[in-house]
There are 2 protein chains.
Amino acid sequence: MSDAEQTRQKILAVAADEIHQHGFQATSLSTILNRCGISKGALYYHFSNKIELGYAVFEESFVPLLLDTWQPALSQDDPIEGLCQFFTSMCNQMNSSEVVCGCPLNNLCEEMANVDEGFRLRILSMQEKLNALIVTALARVKGDLRPELKFTQVAYFIVATFHGSTSLSKSSRNKVLYQQVISELCLYIRSLKK
Amino acid sequence: MSDAEQTRQKILAVAADEIHQHGFQATSLSTILNRCGISKGALYYHFSNKIELGYAVFEESFVPLLLDTWQPALSQDDPIEGLCQFFTSMCNQMNSSEVVCGCPLNNLCEEMANVDEGFRLRILSMQEKLNALIVTALARVKGDLRPELKFTQVAYFIVATFHGSTSLSKSSRNKVLYQQVISELCLYIRSLKK
DNA sequence: ATGATAACCGACCACTCGGTATGTTACAAG
DNA sequence: CTTGTAACATACCGAGTGGTCGGTTATCAT
């Protein structure tokens with residue numbers, strides 16, 4: 001990897017972390033510059049402005065991260081159990097600082113969907129992609145599931161509840177509430193089976 | 001109502017609207033001043049700083065609004081049907097601009113819970129209050145419900161899913177996704193009955 | 001050796017923000 | 001008639017923001 005590409009990647013990594021922690025609008029370019037140890041010229045050489053940097057972070061950091069996170073759970077032989085274990089283990093692994101940060105996709109959706117059209121479309125696309133992943137996984141074990149289920153609806157329901165649970169834990173600063181919602185979510189997911 | 005109190009109420013109303021639309025941090029005092037047709041001196045006569053204004057908006061506008069919104073649904077003879085009708089009718093009533101604004105409680109939680117302790121505690125208190133309302137309603141018809149249910153857990157689950165659904169619709173800019181999640185949520189809620 | 005270019009530096013700009021300090025006006029009490 | 005105070009208005013401040021621009025350095029093809 002060239003020096004320039006290394007710089008670009010470092011900017012992306014630091015920016016992703018800052019955006020995840022403080023949101024896009026509250027993220028200051030000067031903070032990114034300080035953490036990277038570079039100058040403003042360097043940043044504006046690689047990205048034309050703040051929002052283009054934001055788009056790059058979303059596409060090159062958040063999207064792959066989200067896919068890599070959900071994919072394994074959904075690829076298991078039994079995606080129903082895969083999802084339950086995924087949610088439960090995520091809950092167990094989390095420390096308190098991660099609890100408070102939430103899911104980057106949900107965070108950006110709450111903050112930027114009404115503010116910037118470019119963000120909105122990227123977020124929507126990612127939500128649809130995630131939904132399609134879940135629907136595919138459910139369809140794969142269709143025979144084991146209750147026949148009246150609407151997969152798309154169920155998939156959005158699961159994601160909505162998951163994101164809602166992360167929101168809840170932000171105010172309590174611990175994972176107790178998160179744990180309860182996830183526990184109930186697993187009951188619901190398992191009830192999808194015949 | 002005195003002139004001074006009228007001024008205060010107008011500031012609160014406009015601030016509540018701005019915060020609901022753009023979030024607390026992105027809300028500019030000068031915008032509030034312009035919309036109210038008052039000067040900065042007037043605002044700082046009634047509120048000591050921006051965050052105290054935010055607290056006042058939360059306590060005097062959002063909390064009563066939320067309670068007035070949820071209370072009727074939960075006070076019905078059958079709170080299960082009350083909740084389902086509440087969610088469904090809210091979905092039908094919403095126009096596209098309301099879809100995009102979401103629930104003030106959830107918005108502030110996502111934005112401010114990690115940022116300011118005063119907001120965090122007020123939000124947490126409201127969430128617990130709302131949860132208690134739902135738990136009480138469920139306990140009232142305990143005999144009709146499945147015996148193994150954990151009411152607190154179920155209540156947090158319902159609120160989490162509701163808030164997650166509002167987040168989803170922010171990116172799609174219509175209520176299709178919201179409708180689907182609510183539809184599935186009603187299926188879940190009705191399944192709580194024996 | 002030289003010119004070009006990629007990669008970066010850092011001073012500077014216009015602007016907005018929340019907040020403050022001083023000034024003004026209307027009214028009410030003494 | 002004076003004085004005091006509630007209820008504002010207005011000018012101003014410092015800090016921080018995203019963004020620009022002229023300059024610098026290292027590398028590399030010719």
Side-chain angles (χ1 to χ4, degrees), chain A residues 1-58 60 108 111-112 114-120 122, chain B residues 1-58 60 108 111-112 114-120 122:
Chain A
M1 189 160 48
S2 68
D3 287 4
E5 186 57 25
Q6 232 166 347
T7 303
R8 200 187 119 93
Q9 290 303 322
K10 182 157 197 177
I11 296 174
L12 277 178
V14 169
D17 185 55
E18 287 291 325
I19 291 174
H20 189 198
Q21 280 192 50
H22 308 112
F24 176 77
Q25 302 182 93
T27 287
S28 161
L29 295 186
S30 60
T31 303
I32 296 177
L33 302 183
N34 287 337
R35 281 188 56 184
C36 289
I38 62 170
S39 69
K40 193 163 265 191
L43 193 150
Y44 274 87
Y45 175 79
H46 289 284
F47 304 94
S48 55
N49 50 37
K50 188 188 180 187
I51 211 153
E52 288 296 332
L53 169 60
Y55 295 163
V57 165
F58 187 84
E60 300 178 39
L108 276 179
E111 182 192 3
M112 297 304 295
N114 315 353
V115 172
D116 178 80
E117 189 71 0
F119 261 120
R120 202 200 112 223
R122 284 168 175 82
Chain B
M1 187 160 48
S2 68
D3 287 3
E5 185 57 24
Q6 232 167 349
T7 303
R8 200 188 119 92
Q9 291 303 322
K10 182 158 198 176
I11 295 174
L12 276 179
V14 169
D17 185 54
E18 286 291 325
I19 292 174
H20 189 197
Q21 280 192 49
H22 309 112
F24 176 77
Q25 302 182 90
T27 286
S28 160
L29 295 187
S30 60
T31 302
I32 296 177
L33 303 183
N34 286 337
R35 281 189 55 184
C36 289
I38 61 171
S39 69
K40 193 163 268 189
L43 193 149
Y44 273 87
Y45 174 78
H46 289 284
F47 304 95
S48 55
N49 49 35
K50 188 188 180 185
I51 210 153
E52 290 294 333
L53 170 60
Y55 294 164
V57 166
F58 187 84
E60 301 178 39
L108 275 178
E111 181 191 2
M112 297 303 296
N114 314 353
V115 172
D116 178 80
E117 190 70 1
F119 262 120
R120 200 201 113 224
R122 284 167 174 82

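Because the structure is predicted, anything quoted here is derived from the model rather than measured. Every heavy atom of this structure was used, including side-chain atoms; hydrogens, water molecules and symmetry mates were not. First the proteins, then the strands, lettered A, B, ... as listed; each starts at 1.
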Between A/C36 and A/I11, which heavy-atom pair has the shortest distance, and what is it? SG-CA, 3.8 Å
Using a cut-off of 4.0 Å on non-hydrogen atoms, how would the nucleic acid contact of A/L43 be classed: base, sugar-phosphate, or nothing? nothing
Quick one: is B/Y44 getting a side-chain N or O under 4.0 Å of the C/dG19 phosphate, OP1 or OP2? yes
Whole-Å distance, A/L53 CG to D/dT17 P, equals 15 Å
Classify B/T27 by what it touches in the nucleic acid, base, sugar-phosphate, or nothing, heavy-atom distance under 4.0 Å. sugar-phosphate
Starting from P on D/dG18, measure out to CZ on A/F47 and report it in whole angstrom. 15 Å
Rounded to the nearest 0.5 Å, what's the gap from CD on A/Q25 to NE2 on B/H22? Could you check? 10.0 Å
Between D/dG18, D/dC8, C/dG19, which one does the side chain of B/S39 approach most closely? D/dC8
Out of C/dG18, D/dT17, D/dG18, minimum distance to the side chain of A/K50 belongs to D/dG18
Any side-chain N or O of B/H46 less than 4.0 Å from the OP1 or OP2 oxygen of D/dC8? yes
Enter the distance from B/F24:CZ to B/D116:CG here, rounded to the nearest 0.5 Å. 7.5 Å
Distance below 4.0 Å between A/S30 side-chain N/O and D/dG18 OP1 or OP2: no
Side chain of A/A42 only, heavy atoms from C-beta on: which candidate in C/dT20, C/dC9, D/dG18 is closest? C/dC9
5' precedence on DNA chain D between A/Q25 and B/D3 (nearest-nucleotide basis): B/D3
So, does the side chain of B/K40 form a donor-acceptor pair with the base of C/dG18 at under 3.5 Å? yes
Please evaluate residues A/F47 and A/Y55 with respect to the criterion ring pair (Phe, Tyr, Trp, His ring centres under 6.0 Å), reporting the C-alpha separation (whole Å), side-chain torsions for both, the decisive distance (0.1 Å), and the verdict. CA-CA 10 Å; A/F47 304 94; A/Y55 295 163; over 10 Å; no
If the cut-off is 4.0 Å, is A/T7 near the phosphate of C/dC8, judged by side-chain N/O to OP1 or OP2? yes
